[in-house]
Number of protein chains: 2
Amino acid sequence: MKTLLLVEDAQDLAQLIIRELKADGYEVLYAPDGVEALRLHEEQRPALVILDWMLPRMDGLEVLRRLRQQAPTPVLMLTARSEETDRVVGLELGADDYLTKPFSMRELLARVHALLRRAELIQQMLQQDLARAERPLIDGPLCLDAQAHLVTLDGQPLDLSPTEFELLHLFLRSPGRAFSRAYLLDTVWGESYVGGDRSVDNTVLRLRKKLGALGEAIETVWGVGYRWRAHSPSRAGGEQ
Amino acid sequence: MKTLLLVEDAQDLAQLIIRELKADGYEVLYAPDGVEALRLHEEQRPALVILDWMLPRMDGLEVLRRLRQQAPTPVLMLTARSEETDRVVGLELGADDYLTKPFSMRELLARVHALLRRAELIQQMLQQDLARAERPLIDGPLCLDAQAHLVTLDGQPLDLSPTEFELLHLFLRSPGRAFSRAYLLDTVWGESYVGGDRSVDNTVLRLRKKLGALGEAIETVWGVGYRWRAHSPSRAGGEQ
DNA sequence: GATCTTTGTCGCAATTCTGTCGCAACCGCC
DNA sequence: GGCGGTTGCGACAGAATTGCGACAAAGATC
């Protein structure tokens with residue numbers, strides 16, 4: 001479920017927007033002013049920010065400027081003025097889209113969807129670029145092709161869940177390196193994720209199962225975390 | 001419905017033309033001067049521009065020159081002078097046609113129709129050229145010929161909708177590569193499209209049905225999107 | 001202007017994923 | 001060998017994702 005941050009000082013409008021966004025399946029954080037907005041943004045890392053132009057304590061443009069220093073989170077600005085200069089200033093400072101009051105909830109939702117999709121696209125493009133530079137990762141009978149998002153074992157495709165795939169990807173990129181659970185949670189699950197270490201354990205468990213005999217390649221580093229065996233023998237031995 | 005842009009500072013004439021064009025089923029954008037014309041053109045990308053020679057703030061020829069830097073939109077110029085030199089200058093600068101005031105609405109419409117038809121033809125030829133560079137894409141019993149805009153399965157022609165065709169085309173150009181829904185929406189549907197992920201799902205569903213047994217070649221990449229099954233495992237990633 | 005095609009959306013079912021819990025097994029240490 | 005802490009692992013439930021039929025709106029065709 002995606003999390004959005006709404007920054008709007010008019011309480012009644014805010015309530016309306018929040019209700020609408022929640023009905024559409026989003027988690028909504030709310031900040032009545034810029035200071036609170038920056039705090040929430042840093043703490044929760046929402047997928048998108050809806051930012052009112054006029055705010056108490058800190059001007060919307062100033063908030064936008066500071067948000068941009070924190071992260072490339074997409075920003076949808078709301079304004080009462082439809083002057084072109086405003087639009088230009090907002091967009092130049094890095095707002096991704098722009099909505100003039102009054103607007104319909106339908107339109108707001110459409111813009112939110114579009115912005116989120118674009119953000120997703122950009123992320124995928126970046127990943128694709130990385131993946132393209134990367135040749136498929138091979139370790140004995142195992143092959144992970146990031147671009148195809150495909151893992152094969154002895155030539156047979158392996159059906160991995162997204163989390164399992166990301167974990168294996170990380171392991172294969174740095175065989176022999178030990179990863180703490182905290183690091184894995186940060187990297188694979190995302191830095192804003194809040195969950196227990198047992199999530200890691202279980203994903204490792206499931207991955208080991210799917211890897212069959214190769215599951216042994218994921219070694220437990222006692223008291224620390226896990227590690228992918230550095231030098232896999234060219235063929236898996238007879239042990240089971 | 002095609003969108004036209006009318007650039008004309010004489011209000012009464014403009015009103016007349018607008019009414020006439022709308023009655024003929026076009027969407028009409030209106031700019032009273034060159035600055036606004038360029039803005040609208042960039043923002044809305046009309047299919048054709050009707051441009052008056054004499055304009056406030058920016059001369060019609062200057063507008064034409066700048067339009068040409070933006071896009072190859074066909075331009076119909078209106079002028080009060082019938083001198084041949086003017087005609088030459090206008091056409092040299094890239095106006096596609098030319099109409100001398102006063103003119104009948106009947107004549108204007110005829111020219112608009114002709115220009116649009118020609119533009120469509122040109123665009124189609126460009127696409128043909130692009131398609132020609134590509135040889136037919138073949139995957140087992142399936143053959144997609146972009147030039148002929150034809151798909152055959154076991155030699156039988158397959159009836160695909162435009163969206164389905166584009167989607168299949170994209171898949172076959174990069175077999176084995178996983179595409180996110182966001183990427184597909186951007187590429188097949190267009191970046192300005194605002195719609196949900198389920199549109200992709202449904203087009204995939206319809207395509208799978210029409211492909212029959214080969215429908216299985218469209219693999220679901222869970223949590224990511226879709227991928228066309230790579231036939232030859234020797235090539236790991238799709239290249240394009 | 002009537003009809004057909006295309007295509008986006010909705011709703012529900014089916015599937016898959018994933019965090020948590022409980023308990024057993026295990027490790028290192030004293 | 002006992003002990004505290006850590007890990008393995010099966011089970012479960014809630015959440016997220018996808019499949020798919022139905023419907024309606026928009027556009028194309030005639």
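Below, chain A is the first sequence line, B the second, and so on; all start at residue 1.
- Contacts of Asn202(A) with the nucleic acid, taken as non-hydrogen atoms under 4.0 Å apart, include base atoms.
- Residue contacts for Arg208(A): at a heavy-atom cut-off of 4.0 Å it reaches the sugar-phosphate backbone alone, with no base atom in range.
- The shortest distance between the side-chain N/O atoms of Lys209(B) and the OP1/OP2 oxygens of dG19(D) is not below 4.0 Å.
- Between Asp139(A) and Trp228(A), the side chains place a donor N or O and an acceptor N or O closer than 3.5 Å (distance only, hydrogens not considered).
- Considering Asp186(A), Asp197(A), Asp201(A) in turn, Asp201(A) is the only one that fulfils the side chain to side chain donor-acceptor pair (under 3.5 Å) rule with Arg181(A).
- We find that CD of Glu216(B) is positioned 15 Å from C1' of dG19(D), with the value rounded to whole Å.
- Atoms CG (Leu205(A)) and P (dC26(C)) sit 15 Å apart, rounded to a whole Å.
- Checking the phosphate oxygens (OP1, OP2) of dT18(C), no side-chain nitrogen or oxygen of Thr203(A) falls inside 4.0 Å.
- Atom CD of Gln70(A) sits in a crowded spot, with more than 12 heavy atoms from other residues, nucleotides or ligands closer than 6.0 Å.
- Atoms CG (Leu109(A)) and P (dG8(C)) sit 19 Å apart, rounded to a whole Å.
- Rounding to whole angstrom units, OH of residue Tyr226(A) and P of dT6(D) are separated by 13 Å.
- The stretch residues 160-169 of chain B comes close to DNA chain C through Ser161(B), Pro162(B), Thr163(B), each having a heavy atom under 4.0 Å from the strand.
- Taking the ring axis of Tyr226(B) as reference, the NZ or CZ atom of Arg208(B) does not stay both within 45° of it and closer than 6.0 Å to the ring centre.
- Comparing atom distances between the Asp159(B) side chain and each of dC23(D), dT7(D), dT6(C) picks out dT6(C) as nearest.
- Residue-level contact check: Val224(B) touches the backbone only, with heavy atoms under 4.0 Å from sugar-phosphate atoms and none from bases.
- Within a 6.0 Å sphere centred on CD of Glu42(B), other residues, nucleotides and ligands contribute 12 heavy atoms or fewer.
- The phosphate of dG8(C) has OP1 or OP2 within less than 4.0 Å of a side-chain N or O from Trp189(B).
- By the 6.0 Å and 45° rule, Arg177(A) stacks over the aromatic ring of Tyr183(A).
- Atom pair Leu207(A):CG and dG8(D):P shows a separation of 13 Å (rounding to whole Å applied).
- Where Asp197(B) and Lys210(A) meet DNA chain C, the nucleotide closest to each residue was compared, and Asp197(B) sits on the side nearer the 5' end.
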For Arg229(A) and Glu219(A): C-alpha separation, side-chain torsions, deciding distance, then whether salt bridge (charged side-chain N to carboxylate O under 4.0 Å, His left out) applies.
CA-CA 6 Å; Arg229(A) 184 175 55 201; Glu219(A) 299 172 325; 5.3 Å; no
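- dT7(D) atom P lies 4 Å from atom CZ of Arg181(A), rounded to whole Å.
- Aromatic ring pairs are classed by plane angle as parallel below 30°, tilted from 30° to 60° and perpendicular above 60°; the pair Phe165(A) and His149(A) is parallel.
- Here Lys2(A) lies out of heavy-atom contact (under 4.0 Å) with every strand.
- At whole-Å resolution of the value, CG in Asp201(A) and P in dA11(D) are 18 Å apart.
- Taking 4.0 angstrom as the limit, Thr220(A) places none of its side-chain polar atoms (N or O) nearer than this to OP1 or OP2 of dT6(D).
- Distance CH2 (Trp222(B)) to C1' (dA15(D)): 9 Å, rounded to an integer number of Å.
- With hydrogens and angles ignored, no donor-acceptor pair under 3.5 angstrom links the side chain of Arg198(A) to the base of dG10(D).
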